[in-house]
Amino acid sequence: MPAFSFNDTLVLAAIMFSVGLAGVLVRRNMVFMLMSLDIMLNAAALVFVAAGTRWHDAAGQVMFVLILALAAVETAVGLAIILRLHAHGRPTLDADTGNLPEG
Amino acid sequence: MATFLLPLLVLCPLAASLIIFISAGRMGARGAGTVACAGIGVAAVLSIIVSVILLSGPTGGGLQVTLWPWVHVAGFSADIAFMLDRISMIMILVVTIVGLLIHVYAAGYMRDDPGIARFFGCMTLFVAAMLVLVLSSDLLCLFIGWEGVGLCSYLLIGFWYDNPANTAAARKAFYVTRVGDVALLCGLLLLATATGSPRIGAVLAAVTNGQVSASGISMAAFFILMGALAKSAQVPFQAWLPDAMAGPTPTSALIHAATMVTAGVYLIARLHDLFVMAAPVMALTAVLGTLTLLMGACAALVQSDLKRILAWSTISQVGYMFLALGCGVWQAALFHLMTHAFFKALLFLAAGAVIMRARHEQDIFRLGGLRHAMPGLTVAFVIGASALAGLPLVTAGFYSKEMILSGVWHVRFGLTRDWTVTGHPLWAMALLGAFLTALYIFRCVFIVFFGKAGTVAAGRTSRLMTIPLGCLCVLSLCGGVIEMPDTLPSLHLFSALLDPATPLSHADEPVWLVLAGAVVPLAGLALAWMLWGRPSSVMRGARTAGGPDGRHDVLSRWQDIPDRAGAAAGGLVRAASARVFAVRAGFLDMLARWSGRIGRWGARMLERLHNGRMRWYAAWIAGGLCMALAVAVLS
Amino acid sequence: MHALALLAAGVTVTGAIMVITRRVAVHAVLYLVVTLLALSVVLVLLGASFAAMLEVIIYAGAIMVLFVFVIMMLNLGQPDSQREKEWLHPRAWLGPGILATIVCTELLYCATPLSGPVRLPLPITVHDVGLSLFSRYVLMVELVSFLLLAGLVTAFHIGRHREGGH
């Protein structure tokens, strides 16, 4: 039997996604929120690859590549925002103060 | 040769714009103006040449150029392709020639502005985008031009960006047209997916062959109509155009006459085969056009800002075009578009010169008696006003409006299979609109140019500004004689030019139809003279002396009629209406109170929801995800 | 489920949990790198070697460098030597190091041709992926290029240093 069955991969992806979601909801630091988002994206990508293996279709890895591009854009823009806020002299990277004009 | 000239036609203004932008203001006022005028001038010459080539070719055909394939994937392909047929020929002639006159004028008008290079760069880009829009034979390519026009209008309306009001007006124009753009994109993509090709010719052929379901056609036509309404500032998207006066006057002239607001009219005229198949949407177009023309005319009647009067009059006149489009006489719409481009450009340019010489005073009640100080501008403005009002026989506006009116008179809307509605009510309202048009524009003329002197005029109008005004005067007077109603010497050059196969002729139309169209503007002029023109006119002191005294005279004369039956009937009606009013008022009050209460409550709930915390939103997303999963699993 | 698979999945989940529970951002980044490496092992075991390669090179390589870079820029306030000392403390790198060693061993074990007992599923090669990517999904590639361009412009615009920014 193969090392991973499809169900095992789904369970792994679900766990990773939940961990990432918990990170987004629990952590207030924006850097950590971005990392958690990356974990969630990886979980989604894992499901695509597993499905591609299951039905032996290259589309799964195509989706993986697209998700990779999405993650790169998301990280770049998110980090740019963080840098910008930091450059404005905000003492914290607390996401909950992001709505205040001079927070 | 024509295949070579057609891309060049777009390239000229684009190149001028690029040169001006790249030079980044190092060229100086004279240089930027010269480059811009040269670019548009070459485009104008080229458009005349390609028109001659097109007309000398076989009838019915068009010039096709595919520049390069843009996207080619399975199931979808789009090209950058241009097509010149007779509709787009009219449009490129109008855009380039009127655009050239406006540019020459602007070279004089904007001479002393520090941002003149940016101004001319945007203006030429505007013309280039409009040329792409009218020439493209591919829906996606057309959308590029459509967005380019929107972008340039944003840049030009907010040209004097130091003033927050101007940037707010620019943003408003951008947002409102954006709503329409989304609708338009939906419509275009619906069409492209339903017919399998974004080429306009293929789409129209597929639609007329019945390859698309009736509901699909109606949906696509409706979305495209929404896009066109937003671009052309029709009800319910009319709000952005009056604010767009924040830009420089040549910009307003360009937006109103040649480029922006005519894009919607052009689009529907281009896709008229599609709209013919969607009868309810046609009826909706006609009704919205009628509403807009009445509303624009009424709004123009009470404005006191000279440029705003002209803005509302544009909305009203474009309403006429939509009425014509809704009635299926797209030839009339294009004809009116052409004449409107002439006289509206003339009005704006003359108004700009007047305002400039009156030290930037735009309130018509503070201007006054200017006919002694600037006789030339007075003549130009009066010619434009007459053409706008459609004074019979001598102006271009008369013939185009007459064509629309006769088209509306003859139309029958087949809403369902056995329920047809005639266009006579719309005709009556359009006639009322013509009356109001004459009334408001001559109100403006009489107040600004006649009567007591207001502000002191200073300076002279430069030669660069007077030459375009002269050309536009000639066009506004004589541009209409190429198409005449059958009652007059029957002459149908314009509609024959557009569509040689089916000339638009109404041989059976009664004489009084033309007479009505001719008399109504005169009546409006006469009323305007009585109210504002005479030295001791009724309304002249209206703004200062509280209320118009004339109304009392009229009322007292009516009351003198000794008619007891009438009085009794009046009392009865009054009692009944008071009763109805009480009931209605109570009901409306309740409605208003409850809707207000519900609205406030909902707003408070929504406000609590939108607290600006990112994690709170993320939690909501996660909650929704869990709900969706639960539903999917449990069901 | 194979022991190798269990190990890789365990490292992945452990790393992910450690990421969201660390207090110092640099530690979290280290754990995130380990998580991604472990995930690439999972991908290899799924027969998606191309995806695993991309995961290591682009994700663990390029995107994580971005994170490290930004975190270093954010901490400019502290004196450099103190920061260095804090980072080099064994407490910081011991956990990620152990996990990374496990993953590395596993990766080597998978990669050697002698790894008899592991039976990988029928692999989907780069060839298949490339063919699919540039024939059926070429419109998607175009859209993603739009997205990347938009991201580039946005990041440039937001991150640009303005003189006396307000």
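Here is how names work: the chains are called A, B, and so on, in the same order as the sequence lines, proteins then strands, and each is numbered from 1.
The parts of Ile81(A) that come within reach of chain C are both its backbone and its side chain, each placing non-hydrogen atoms under 4.5 angstrom from that chain. Of the atoms belonging to Met63(A), it is side-chain heavy atoms, and not backbone ones, that fall under 4.5 Å from chain C. Residue Leu133(C) touches chain A through both its backbone and its side chain, counting heavy-atom pairs closer than 4.5 Å. The contact between Ile17(C) and chain A is made by backbone and side chain atoms together, counting heavy-atom distances below 4.5 Å. Contacts between Leu36(C) and chain A at a heavy-atom distance below 4.5 Å involve the side chain alone, from C-beta outward. Neither the backbone nor the side chain of Ser145(C) comes within contact range of chain A; no heavy atoms are under 4.5 Å apart. When heavy atoms are compared at a cutoff of 4.5 Å, Leu39(C) approaches chain A solely by way of its side chain, counted from C-beta outward. Looking at Met16(A), the atoms closer than 4.5 Å to chain C (heavy atoms on both sides) all sit in the side chain, from C-beta outward. Heavy atoms of Phe67(C) lying under 4.5 Å from chain A belong to its backbone as well as its side chain. Proximity to chain A involves both the backbone and the side chain of Val19(C), based on heavy atoms less than 4.5 angstrom apart.
The candidate from Asp128(C), Val141(C), Val42(C) with the greatest count of non-hydrogen atom pairs under 4.5 Å with chain A is Val42(C). With chain C as partner, the option from Asn42(A), Val73(A), Leu83(A) having the largest number of non-hydrogen pairs under 4.5 angstrom is Asn42(A). Of all the listed residues (Val77(A), Asp57(A), Asp38(A)), the one sharing the greatest number of non-hydrogen pairs under 4.5 Å with chain C is Asp38(A). Interface remark: of the candidates Leu152(C), Val29(C), Thr35(C), Val29(C) forms the most heavy-atom pairs closer than 4.5 Å to chain A. Of the listed residues (Ala48(C), Ala155(C), Ala51(C)), the one with the most heavy-atom contacts under 4.5 Å to chain A is Ala51(C).
Separating the CG atom in Leu46(A) from the OG atom in Ser40(C) is a distance of 11.5 Å, to the nearest 0.5 Å. From Leu45(C), atom CG reaches atom CG of Asp8(A) across 11.5 Å, with rounding to the nearest 0.5 Å. Distance check: Thr9(A) OG1 to Leu46(C) CG gives 5.0 Å after rounding to the nearest 0.5 Å. The structure places CD1 of Ile158(C) at 11.0 Å from CG of Leu79(A), a figure rounded to the nearest 0.5 Å.
Closest heavy-atom contact between Thr75(A) and Leu66(C): CG2-CD1, 4.4 Å. Here the closest non-hydrogen pair linking Ala25(C) and Val31(A) is CB-CG1, 4.5 Å. Contact record, Ile20(C) with Ala22(A): CD1-CB, 4.4 Å, taken as the closest heavy-atom pair. Listed here is the closest heavy atom pair of Arg27(A) and Arg22(C): NH1-O, 2.6 Å. The shortest heavy-atom contact between Ile63(C) and Leu68(A) is CD1-O, 4.5 Å. Residue Ile124(C) comes nearest to Gly52(A) through the heavy atom pair CD1-O, 3.6 Å, listed as atom of the first residue, atom of the second, then distance.
In this structure, the side chains of Phe64(A) and Glu55(C) come closer than 4.5 Å at one or more pairs of heavy atoms. By the 4.5 Å heavy-atom criterion applied to side chains, Leu41(A) and Tyr59(C) are counted as neighbours. Residues Val129(C) and Val62(A) meet the side-chain proximity criterion, which asks for heavy atoms closer than 4.5 Å. At a threshold of 4.5 Å between non-hydrogen side-chain atoms, the residues Tyr137(C) and Leu66(A) do not count as touching. Within the 4.5 Å cutoff, no side-chain heavy atoms of Gln61(A) are placed close to those of Leu54(C).
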